[in-house]
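The sequence lines fix the lettering, A, B, ..., with proteins before strands; numbering per chain opens at 1.
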Amino acid sequence: MKYAYYPGCAAKGAAPELHQSVVKVVGRLGIEIVELTAFNCCGAGVISEADPDLAYMLNARTLATAEKLQLNVMTVCGTCQGVLGGANKVLQKDEALRARINKALKETTGLEYHGTVEVKHLQWILVKDFGVDELEKFITRPLTELSIAPFYGCYILRPSDATGFDDWENPVSLEKLIRAVGAQPVAYDGRTQCCGFPVLLEKEQIALGMVGKHVGEAKKKGGDAMVTPCPLCHMSLDIYQERAGKKLQKEEGTDQKLDMPILHLPQLLGLAMGFTPDELGMKRHLVPTAPLIAKIE
Amino acid sequence: MRVKLTVQKFNPELDSKPYDRDYFVEAGREMTVLTALLKIKAEIDGTLTFRASCRAAICGSCLMQINGSQKLACKVSIREEMEHHGKITIGPMANMPVIKDMVVRMDPFWEKIRAVTPYVLSSGEKAVPTAALKDLHETLQNADGCIMCGACLSACASYGVSHGFLGPAALAKAYRFQADPRDEQHVARLEGLQKPDGIWDCVRCNFCVQVCPKDVKPMEQIIRLRRLSIGAGFDNSVEARHITEFVKVVGHEGRLNETLLPIRMTWGHLKKMLRIIPLGIKMFFHGKTPFPFKKVPGGDEVRAIFKSRGKAE
């Protein structure tokens with residue numbers, strides 16, 4: 001089992017603990033990865049707002065690089081999966097578009113994409129290619145004490161014709177992985193909702209409303225922590241949680257604080273595989289993870 | 001087959017809160033949820049209240065929540081829904097005040113539609129050649145396909161936390177007229193859409209694209225409005241700079257740099273910048289602020305791509 005590993009900007013930027021935990025976990029599982037060290041940004045749905053063809057060219061470059069290696073792409077970011085995976089589906093289907101993008105890509109980089117690559121998130125690889133039963137064999141510290149709230153985020157689910165793995169209305173893959181590590185998944189409405197990340201800086205109150213609503217709901221339903229396959233959701237839910245909590249306190253007139261640790265998917269798996277919190281970069285989180293660690297130790 | 005439909009009932013004159021009631025119907029292979037509801041109303045419970053008219057996904061009246069998603073009851077097959085979810089639960093559309101059972105107040109929806117000047121404004125002096133109207137439906141990118149059922153507003157994540165947002169349907173409608181060659185209010189309408197609650201409140205969650213029964217893709221129409229806005233010179237807000245500065249950062253660095261983008265976005269917008277500084281300091285001490293001028297491999301190829309699209313600094 002071998003993939004071209006596309007880390008994405010966040011795992012190499014503001015969420016280095018994601019890259020760190022991915023390398024640990026896939027290494028232990030024996031999934032071979034070839035890191036695309038010269039990768040470019042997928043555009044995150046923002047570059048296509050300015051220029052759709054530019055976004056296609058950037059993603060075609062990534063896909064052509066993986067195609068040269070004769071490998072499928074592994075993503076570790078829900079947004080990258082939606083954007084790069086979505087661009088791949090369009091480039092595979094629309095031959096006229098592919099020809100136009102290839103012509104421009106060849107002139108600028110010498111690369112061409114022939115449409116033979118698949119783009120899969122680590123979450124999907126573990127559930128489908130690797131298998132949950134196989135994964136369970138690597139669990140040395142079952143997290144039976146924990147209730148974990150799954151937070152899918154938008155781009156790994158919607159639009160479903162660009163993603164097509166989980167059922168967008170009732171996804172199950174994160175729950176399967178939570179059960180595989182011995183924990184209990186929390187059922188709550190916010191699990192398929194938006195984290196507000198795309199408007200954090202410009203419309204902070206909207207984003208805080210979303211963070212407060214979903215983290216608050218997960219907490220009320222008994223969640224000890226949240227797990228997400230998207231580092232952008234992680235940034236929103238972790239970095240802005242304190243502010244979201246204050247907004248919620250003000251609106252609801254309570255003194256209940258929000259203090260829910262947000263885990264990247266490979267961090268949850270890594271904890272159950274026996275890696276130390278330090279090895280998984282958990283000190284980098286803004287919401288302290290120490291109470292969660294104390295609970296499982 | 002005999003099917004159980006769990007329906008949320010609520011009559012504010014009698015009930016203190018909504019409650020569920022189960023109904024059993026004999027469903028044929030092609031029966032829709034709407035047909036089942038009509039059967040229940042005729043044969044079991046005459047008080048069951050819902051809107052419906054055309055029964056053919058044209059009028060947009062029968063939008064409701066079916067198994068938690070916003071759907072037209074006349075377009076959903078009982079069999080397919082059972083196969084997919086193993087159950088059928090029905091309730092009023094989300095995010096709207098309930099009048100009774102599945103009937104909600106739609107005036108918040110209509111107020112938003114009215115707010116975008118949803119008609120062609122023309123002095124009649126500019127001649128538009130017939131050829132320009134030949135492929136109007138394509139020119140409008142299917143934004144004219146909206147049947148105003150409210151599915152998108154009801155599913156909208158942003159509207160869910162901020163009811164002032166104009167929302168997907170109204171903004172798709174705005175694009176429909178913005179793209180019409182006969183319309184002469186282009187800049188004025190775009191200017192109105194820059195206000196708080198306008199095009200920049202969309203979080204791009206894709207819910208509207210997913211639930212629209214007519215494939216209008218409202219979010220994509222909002223993105224077109226954003227592109228038109230930047231092109232028309234509405235390009236210095238923090239919102240517009242999110243796009244323009246993102247392109248510049250990736251075009252120069254090859255990747256997004258989370259330290260650089262917030263600074264460039266909020267440059268000249270002191271209040272916003274002061275908001276992010278405390279978080280930036282916290283992130284710094286947690287090792288979450290990448291060095292702003294990191295040279296990444298492959299940068300030359302990426303810069304060449306941006307240059308070919310006329311987007312190099």
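- Heavy-atom distances place the side chain of A/Tyr155, and not its backbone, under 4.5 Å from chain B.
- When heavy atoms are compared at a cutoff of 4.5 Å, A/Ala207 does not approach chain B at all.
- A donor-acceptor distance shorter than 3.5 angstrom exists from the side chain of B/Glu258 to the backbone of A/Ala14, with no hydrogens or angles considered.
- For B/Val211, the part lying near chain A is the side chain, with the backbone staying farther off; criterion is any non-hydrogen pair under 4.5 Å.
- With A/Arg158 contributing its side chain and B/Cys205 its backbone, the two residues share a donor-acceptor pair below 3.5 Å.
- Note that CD of A/Glu49 is 12.0 Å distant from CZ of B/Arg224, once rounded to the nearest 0.5 Å.
- Heavy atoms closer than 4.5 Å to chain A are found in both the backbone and the side chain of B/Asp201.
- Side-chain N or O atoms of B/Glu301 include none that pairs as donor or acceptor with a backbone N or O of A/Thr108 at under 3.5 Å.
- Heavy-atom pairs under 4.5 Å with chain B were tallied for A/Leu105, A/Ile206, A/Leu157; the largest tally goes to A/Ile206.
- The backbone N or O of A/Asn40 lies less than 3.5 Å from no partner atom in the side chain of B/Arg255, so there is not a single donor-acceptor pair.
- The side-chain heavy atoms of A/Leu201 and B/Lys272, taken from C-beta on, include no pair separated by under 4.5 Å.
- Both the backbone and the side chain of B/Ser158 come within less than 4.5 Å of a heavy atom in chain A.
- B/Phe285 does not touch chain A: none of its heavy atoms, backbone or side chain, sits under 4.5 Å away.
- Within the 4.5 angstrom heavy-atom criterion, only side-chain atoms of A/Lys213, from C-beta onward, approach chain B.
- Note on A/Asn170, A/Thr65, A/Leu286: by heavy-atom pairs under 4.5 Å with chain B, the leading option is A/Leu286.
- Ranking B/Ile222, B/Ile223, B/Val247, B/Leu261 against chain A, the residue ahead of the rest is B/Ile223, based on heavy-atom pairs under 4.5 Å.
- Proximity of a side-chain donor or acceptor of A/Arg284 to a complementary backbone N or O of B/Gly287 within less than 3.5 Å is detected.
- Nearest heavy-atom pair across A/Thr192 and B/Phe207 is O-CZ, 3.6 Å.
- At least one side-chain heavy atom of A/Trp168 sits under 4.5 Å from a side-chain heavy atom of B/Ser69.
- For a residue to count as touching a neighbouring chain, one of its non-hydrogen atoms must lie under 4.5 Å from one of that chain's; by this rule B/Pro292 does not touch chain A.
- Residue A/Ala162 does not touch chain B at all, counting heavy-atom pairs closer than 4.5 Å.
- Neither the backbone nor the side chain of A/Ala104 comes within contact range of chain B, judged by heavy atoms closer than 4.5 Å.
- The part of A/Ser48 that comes within reach of chain B is its backbone (N, CA, C, O), which places non-hydrogen atoms under 4.5 angstrom from that chain.
- Taking CZ from B/Arg309 and OH from A/Tyr56, the interatomic distance works out to 12.0 Å, rounded to the nearest 0.5 Å.
- For the pair A/Glu202/B/Thr266, no side-chain contact is recorded, criterion being any heavy-atom separation below 4.5 Å from C-beta on.
- In terms of heavy-atom pairs under 4.5 Å with chain B, the best-connected choice from A/Lys283, A/Glu169, A/Glu107, A/Gln193 is A/Glu169.
- Interface remark: B/Phe165 contributes no atoms to any contact with chain A (heavy atom separation under 4.5 Å).
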Quick one: do A/Ile239 and B/His286 satisfy side chain to side chain contact (heavy atoms under 4.5 Å, CB included)? Show the steps, please. CA-CA 11 Å; A/Ile239 296 171; B/His286 284 80; over 6 Å; no
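- Only the side chain of B/Arg226 comes within less than 4.5 Å of a heavy atom in chain A; its backbone stays farther off.
- Note on A/Asp167, A/Leu54, A/Leu58: by heavy-atom pairs under 4.5 Å with chain B, the leading option is A/Leu54.
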Derivation of the side chain to side chain contact (heavy atoms under 4.5 Å, CB included) call for B/Val296 and A/Phe39: CA-CA 9 Å; B/Val296 298; A/Phe39 79 91; over 6 Å; no
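- With a 4.5 Å cut-off on non-hydrogen atoms, A/Asp189 does not touch chain B at all.
- The distance from the CG atom of B/Leu256 to the NZ atom of A/Lys12 is 15.5 Å, given to the nearest 0.5 Å.
- At most 12 non-hydrogen atoms from other residues, nucleotides or ligands lie less than 6.0 angstrom from NZ of B/Lys282.
- Here the side chains of B/Ser308 and A/Met57 are in contact, with some heavy-atom distance below 4.5 Å.
- With respect to chain B, the highest number of heavy-atom pairs below 4.5 Å among A/Gly45, A/Pro16, A/Ala15 belongs to A/Gly45.
- At a 4.5 Å heavy-atom cutoff, the contact between B/Arg275 and chain A is made by backbone and side-chain atoms alike.
- Side-chain atoms of B/Phe246 and A/Cys41, non-hydrogen and from C-beta on, do get closer than 4.5 Å to each other.
- Among B/Lys217, B/Arg241, B/Lys71, the residue with the largest count of heavy-atom pairs under 4.5 Å with chain A is B/Lys71.
- The part of B/His85 that comes within reach of chain A is its side chain, from C-beta onward, which places non-hydrogen atoms under 4.5 angstrom from that chain.
- Contacts between B/Asp197 and chain A at a heavy-atom distance below 4.5 Å involve the backbone alone (N, CA, C, O).
- Minimum interatomic distance between B/Gln210 and A/Pro159 (heavy atoms only, all atoms of both residues): OE1-CA, 3.3 Å.
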Let me see the working for A/Arg243 and B/Leu279 under side chain to side chain contact (heavy atoms under 4.5 Å, CB included), right down to the final yes or no. CA-CA 10 Å; A/Arg243 280 187 185 176; B/Leu279 289 180; 3.6 Å; yes
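- Atom CD of A/Glu175 sits in a crowded spot, with more than 12 heavy atoms from other residues, nucleotides or ligands closer than 6.0 Å.
- Both the backbone and the side chain of B/Ile243 have a heavy atom closer than 4.5 Å to some heavy atom of chain A.
- Considering only heavy atoms from C-beta on, B/Glu239 stays 4.5 Å or farther from A/Val199 through its side chain.
- Between B/Pro196 and A/Lys203 the shortest heavy-atom distance is CA-NZ, 3.8 Å.
- Only the side chain of A/Leu111 comes within contact range of chain B, with at least one heavy atom under 4.5 Å from a heavy atom of that chain.
- B/Val203 touches chain A through backbone and side chain together, each having a heavy atom under 4.5 Å away.
- Here the closest heavy-atom approach between residue B/Ala157 and residue A/Cys194 is recorded as CB-CB, 3.9 Å.
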Decide side chain to side chain contact (heavy atoms under 4.5 Å, CB included) for B/Ile305 and A/Thr109; before the verdict, give the C-alpha distance in whole Å, the side-chain angles of both, and the deciding distance to 0.1 Å. CA-CA 8 Å; B/Ile305 290 175; A/Thr109 65; 3.9 Å; yes
